[in-house]
Novice: 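Supplied in structure tokens, the structure appears directly below.
Throughout, protein chains are lettered first and strands after them, A, B, ... in sequence-line order, and every chain is numbered starting at 1. The figures that follow rest on heavy atoms only: side chains count, while hydrogens, waters and symmetry mates do not.
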Amino acid sequence: MFPSDLKQEHFRDYPPLARKFVTANLAALRRLPLSFLPSLLREAIEYDFKFPAERKALEKEIANVNALSPEQFKEWFGGFERIRLSPKLEHFDWINLPGQFVEQLSAHLWTTHQLDAFRNAATDYGNRLHAVAPPEPPAMRRLGITVVGQGANSSEGPLFRKLRPHGAYFTHVNPENGLQQLLGGAAARAQEHPASYGHWYIDGGQEAPCEGALTRVSYQALEPARTALSARLQKEIEKPGMGPETLRTLLAQLRPADLGLDDSEPVLTRFRLKLLTEGSGTQIFSTTFAQWAAREALRRAQPLTLFVRFAPRQRQRPMNELLYGNPASRELDPLGSLVDADMGAYYNWLNQQRLSGAAQASFLVWYEGHGEALIIGPSVPRGTVSNDATDFKALLSWIA
Amino acid sequence: MSSSFSIKAPTQLDKHFLRKSASPLELSQNLSWNRREFLRTAAGVALGSTLVSGRSIARAAVLPNDRKVVVITFGGGARDQETFAPEGQENIPHLMRELIPQSTFFTQVVNRGILGHYVATASLATGVYESVNNFASLPPENPTVFEYFRKDLRRPASDTFVVAPSNGFNRIGESSHRSYGTGLGAQVILPKHLLTAASSGGRDYEHLLRDNYETPLYSPQLSGNEFELRQLEMLLKLSVDEFKKHALTLSSPDELSVYIARQLMRQKAPSLLWITMHDIDIAHAGAYSLYIDGIRRTDRLCAEIWKAIQSEPEYAGKTTLFILPDFGRDSDEDSGGNGFQHHRTGDALSRTTWMMALGPGIREGVVHDRALDSTDLVPTLGAKLGFSTALARGKPIQEVL
């Protein structure tokens, strides 16, 4: 089966919005090389569960394919057309299982030493797409807030080392009611500029009380789903013939109901499900969960406001014990978690800066319960240190 | 706008980071140059082409005939920013202060193969980029260095061993190549497998029984040239109780591997010993502090092995030690990855590693910038120990011969 053979009925098993989207653009899909199309379908098949920013991006991408002249098409997709595929890949059910196809394509590219060629083609394509359909500027300046160090009385080394060159480091911030002030700041932005999935609160532990229309994801709230996932995995890996590829396929096929997730808000529920089934370590370490959730929220939803609070993760124990062990015996590792979160804060900033409006975006990171904080913003001098007493109201007014 | 690919187009941020390094080749060269500068300032080493020290010549003159080689893969993949960059050097004090000043150091070893630990280590061991399934229990397709060594020099099985961290490495000692293969490879010792058998999976040892971090839930069924439990006593002169008691004092699988390797050196003194480290790969779980702990532990264990080489009569003064990673990890700047956590993007930084060689005949405190290939190791070992590596693709590294 090749893209040129595509017909409407091939997509009958797609969810309704996804089916509508692909069948409306069938002519464009038929033009695409097989080394490319499943990557697009992998996104399209999830259309019903995509955030607004993702839907818009998909629509623009397919509109661009429609608009390309034959000459332009050759320029844009020549690199993909030169990728040699195996008969096994050509006969794969890439329409209904595009994600699995892409995984197998990845293995094929590695083993046939075509990864660099594919990578070049993909990078070139991305650059072209970015040039003809640049991302829209955000409705307001983006703000990222990350809170680290919950439960850690001290740090092993200086904090925010990777972020300090980019902003101003404060040593005497009044920590009183810091969490409430910062969360309140995020909620106020949500109220000021309402946007669907535009303002997020991710917590690596238990959610703190907060008013306002923030999209919420927390490690604690997903504990029943994590437990259900562990039980399911344990059962699956005991089956004969189970291997990593099969396991990954099974994870990809899980639905919210399989883990007891409430599906009343399908887009967010799928996002939560994917954090657990696609993230590595998110099921085990709360710090990994918080970082990965922030990364995925930024990449996919492109929020205007992202508040992330790291919490202590459990002490490292063997993978198997962690996955199947007794929750009552869990010990926490606040010091190690602070190191994790410090790096996580850097990644949150990096990922935020990959979005549109990066030059105007701001960032604040705070060592919870302590006087150390750092802010980054267009008007904040880089690589500076302030030992003056200050508070969060002042810091937020500087960057928000 | 982002495209539908996980391999993303460079963003403005990426371009800012990479503005001086447009191509993978340039990136590799920049990385190599940075390593050299870090080493020159921190460890006081010199650029290879400009230095021939009197000390190194003197050492070369005493090279004995009964040479031995120990290879350590600095496993799991570590990035420069957590190792050789100024901010990372605190994590590798033993490499920086003890080993590098005694070594010839290569700043640019490029792995052009598949970045999975089993298949990459198999490629290091065959000198050919292997394409076996990283997660299946399959032997390499090309002859391993152990087979070349034994066949060409007519060495017994007891003269070469592999100590490997993961049960998935159980087939690495012997290829499926029809001219080599069965009966010509190295015995593979899987310390965790041994401990599982000795302890029947008791909870006290669980911290050592962790397996493949790339697929933590899956361990392949073992078959092939395994090290049997009954051989614990025969080969290593260890009772099961002794082994179990000592294992309880260790904090990681790599510590267990080094313990076994040292026992092996004492009892069997193999001429070709290959030790694969793996603790660093805990990074796949996403906890940065655990990744750093893994680097620090591996640094310490490398120094311990070098000390053991110098103190064991069978090894002292006649052993060359090679230390090299199988590959690196993804950079923070590649938006297609998630920084230190994985090695999935195939970017230049995750492919460009380093190697150090120490021992008699090796010049000390010298750095070479020229690009080597991961597959150069096997022909180098062949040239060093005097056996042919006919099917290997790389070239002998003249600077250490």
Novice: Among B/G339, B/A287, B/S131, single out the residue with the greatest number of heavy-atom pairs under 4.5 Å to chain A.
Specialist: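 Highest number of pairs under 4.5 Å: B/A287.
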Novice: So which atom in B/S289 and which in A/G336 form the shortest heavy-atom distance, rounded to 0.1 Å?
Specialist: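 For B/S289 versus A/G336, the nearest heavy atoms are OG-O, 3.2 Å.
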Novice: Counting only heavy atoms closer than 4.5 Å, note whether B/Y291 contacts chain A via side chain, backbone, both or neither.
Specialist: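 For B/Y291, no heavy atom lies under 4.5 Å from chain A.
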Novice: Examine whether an atom of B/E130 lies under 4.5 Å from a heavy atom of chain A, and if so say whether it belongs to the side chain, the backbone or both; otherwise answer neither.
Specialist: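 No part of it gets close to chain A.
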Novice: Can you tell me which portion of A/R128 sits under 4.5 Å from chain B's heavy atoms? Options are side chain, backbone, both or neither.
Specialist: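 Looking at A/R128, nothing touches chain B.
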Novice: Atom CZ of B/R351 and atom CG of A/L115: how far apart are they, to the nearest 0.5 Å?
Specialist: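 Interatomic distance, B/R351 CZ to A/L115 CG, rounded to 0.5 Å: 6.0 Å.
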Novice: Locate the shortest heavy-atom distance separating B/D334 from A/R119; write the atom from each residue and the value.
Specialist: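 Taking B/D334 first and A/R119 second, the nearest heavy atoms are OD2-NH2, 2.8 Å.
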Novice: Does the side chain of A/Q316 pick up a donor-acceptor pair with the side chain of B/D293 at under 3.5 Å?
Specialist: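 On atom types as modelled, these side chains do not qualify, holding no pair under 3.5 Å.
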Novice: Once rounded to the nearest 0.5 Å, what's the spacing between atom CG of B/N338 and atom CG of A/N351?
Specialist: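 B/N338 CG to A/N351 CG: 7.0 Å, rounded to 0.5 Å.
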Novice: Consider only side-chain N and O atoms of A/S280 and B/R344, and report whether a donor and an acceptor are under 3.5 Å apart.
Specialist: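 No.
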Novice: Atom CG in A/D116, atom CZ in B/R112: separation rounded to 0.5 Å?
Specialist: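 Separation between the atoms: 9.5 Å.
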Novice: Counting only non-hydrogen atoms closer than 4.5 Å, can you tell me which residues of residues 158-165 of chain A sit against chain B?
Specialist: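 Answer by number: A/R161, A/K162.
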Novice: Quick one: closest heavy-atom pair of A/R295 and B/G337, and the distance?
Specialist: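 Looking at all heavy atoms of both residues, the closest pair is NH2-O, 2.6 Å.
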Novice: Working to the nearest 0.5 angstrom, can you tell me the gap between B/Y129 OH and A/H113 NE2?
Specialist: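 If I round to the nearest 0.5 Å, the distance is 9.0 Å.
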Novice: Please identify, among A/D342, A/T288, A/D333, the residue contributing the most non-hydrogen atom pairs under 4.5 Å to chain B.
Specialist: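 Ranked by heavy-atom pairs under 4.5 Å with chain B, first place is A/T288.
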Novice: Checking A/E236 now: which residues fulfil salt bridge (charged side-chain N to carboxylate O under 4.0 Å, His left out) with it, not counting sequence neighbours?
Specialist: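 With sequence neighbours excluded, A/E236 shows a salt bridge (charged side-chain N to carboxylate O under 4.0 Å, His left out) to A/K239, given in chain and number order.
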Novice: Under the side chain to side chain donor-acceptor pair (under 3.5 Å) rule, what do A/Y347 and B/D332 come out as? Steps first, then yes or no, please.
Specialist: CA-CA 8 Å; A/Y347 282 3; B/D332 291 339; 2.4 Å; yes
Novice: Between A/R313 and B/L290, is a side chain to side chain contact (heavy atoms under 4.5 Å, CB included) present by the stated rule, with each step listed?
Specialist: CA-CA 12 Å; A/R313 63 162 166 77; B/L290 301 180; 3.7 Å; yes
